[in-house]
Protein chains: 2
Amino acid sequence: MTDHSCVTEFAPTSLNEEEEEKLAIQAKALAHPARVRLLKIMAAQPGCVGGDLVNSIGLAQSTVSEHLRILKDAGFILAEAQRPRVCYSVNRTELKSFSHLFGKSFSL
Amino acid sequence: MTDHSCVTEFAPTSLNEEEEEKLAIQAKALAHPARVRLLKIMAAQPGCVGGDLVNSIGLAQSTVSEHLRILKDAGFILAEAQRPRVCYSVNRTELKSFSHLFGKSFSL
DNA sequence: AGAGTATATCGTTGATCGACGATATACGAG
DNA sequence: CTCGTATATCGTCGATCAACGATATACTCT
């Protein structure tokens with residue numbers, strides 16, 4: 001319990017809808033334990049074949065594929081075709097960028 | 001396109017379900033633009049009365065109250081009663097802790 | 001060309017979310 | 001004690017999510 005002197009006139013909070021939206025969208029991609037797990041596994045390897053990810057997590061192939069799509073759409077992973085397989089790897093640049101946006105947004 | 005040498009034997013990824021769950025739960029709290037906006041506004045003041053937050057965002061009072069509850073449950077904000085008002089403020093410790101957990105989870 | 005393989009997409013179903021208005025709650029002021 | 005005020009909770013409804021099995025896709029190898 002610190003001294004929360006409540007204020008009524010707000011300091012002008014820069015309204016950057018683009019960034020807020022992006023933060024929310026990327027957070028949503030992280031908002032499921034299976035996706036966190038998948039990301040974590042991928043982060044520990046140079047690259048992972050999809051089928052191995054399916055085996056390492058107790059979910060159907062179609063479900064894992066959907067989780068991977070969500071992570072890809074958020075920019076957190078890269079998919080490189082190695083037919084008939086796909087090699088997934090984390091996009092560290094985007095992960096770092098999320099972290100920076102997070103810190104910047106809330107002045108940490 | 002980096003050298004994604006795909007691997008089939010996974011490096012032993014430490015399975016810490018507690019942490020993965022927490023990361024996912026907190027990410028879910030951030031996964032809505034209105035909540036990001038609210039957090040951002042709160043981060044720019046020492047404290048905010050609920051009613052002012054309602055006025056600064058185009059949503060019904062009950063909706064804002066629910067968003068605030070979610071942020072509070074995630075640990076991202078503190079609520080201090082100043083009857084009949086409530087003064088909300090960000091919990092910087094928890095925000096930082098999220099950021100650290102995020103970086104640690106994916107070895108950033 | 002045809003078969004085999006790994007991944008993506010589709011269609012469905014139950015669960016959770018997000019919004020709202022209405023109402024309950026809880027306290028201070030008079 | 002009653003009234004006013006600010007916030008929380010409830011009930012509802014449409015929208016989105018998460019899971020699955022089934023099937024389509026797309027490429028390689030023979």
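What you see is a predicted model, and the numbers here were worked out from it, not measured in a lab. Quick note on labels: first sequence line is chain A, next is B, and so on, each numbered from 1.
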Keeping A:Q45 on the side-chain end and B:A11 on the backbone end, is there a donor-acceptor pair under 3.5 Å?
yes
Side-chain donor-acceptor pairs of residues 48-55 of chain B under 3.5 Å, sequence neighbours excluded:
from: B:N55; atom 1: ND2; to: B:G51; atom 2: O; distance (Å): 3.4

Closest to the side chain of A:I70, out of D:dA6, C:dT7, D:dA18, is D:dA18
So salt bridge (charged side-chain N to carboxylate O under 4.0 Å, His left out) across residues 87-102 of chain A, not counting sequence neighbours, yields A:K22-A:E94
Grab the CG-C1' distance between B:L53 and D:dT7 for me, whole Å please.
12 Å
Can you measure B:D73 atom CG to C:dC17 atom C1' for me and round it to whole angstrom units?
15 Å
What is the distance from CG of A:N55 to P of C:dT7, rounded to the nearest Å?
10 Å
Nearest whole angstrom, please: distance from the P of C:dA8 to the NZ of A:K72.
7 Å
Enumerate all atom pairs, one protein N or O and one N or O from nucleotides 13-15 of chain D, separated by less than 3.5 Å.
none

Test salt bridge (Lys or Arg N to Asp or Glu O under 4.0 Å) applied to B:E66 - qualifying residues, sequence neighbours left out:
B:R69
Gap between atoms CD and C1', on B:Q82 and D:dA6 respectively (whole Å)
12 Å
For atom CZ of B:R69 and atom P of D:dA6, their distance in whole Å:
23 Å
Distance-only donor-acceptor pairs under 3.5 Å for side chains of residues 101-108 of chain B, two or more places apart:
from: B:K104; atom 1: NZ; to: B:E19; atom 2: OE1; distance (Å): 3.2
from: B:K104; atom 1: NZ; to: B:E19; atom 2: OE2; distance (Å): 2.7
from: B:S105; atom 1: OG; to: B:L101; atom 2: O; distance (Å): 2.8

side-chain N/O B:Y88 vs D:dA6 OP1/OP2, d < 4.0 Å:
no
Contact state string [nucleotides 19-26 of chain C, B base, S sugar-phosphate only, - no protein heavy atom under 4.0 Å]:
SBBB---S
Looking at C:dA6, D:dT9, D:dA6, which one has an atom nearest to any side-chain atom of B:R85?
D:dA6
Would you call the rings of A:F98 and A:F76 parallel, tilted or perpendicular, where under 30° means parallel and over 60° means perpendicular?
perpendicular
Measure the distance from CG on B:L30 to P on C:dC17 and round it to the nearest whole Å.
15 Å
Check against side-chain contact (heavy atoms from CB on, under 4.5 Å), B:V86 and B:L68:
CA-CA 11 Å; B:V86 176; B:L68 291 170; over 6 Å; no
Roughly how far apart are A:M42 CE and A:N91 CG, rounded to 0.5 Å?
11.5 Å
Give the rounded distance in Å between these two atoms: CG of B:L71 and P of D:dT7.
16 Å
Heavy-atom nearest nucleotide on DNA chain D taken for A:V64 and for A:K28; more 5' hit belongs to A:K28
Got a second to check how far A:L30's CG is from B:Q26's CD, nearest 0.5 Å?
11.5 Å
Heavy atoms under 4.0 Å, any strand shown: does A:V54 hit a base, just sugar-phosphate, or nothing?
nothing
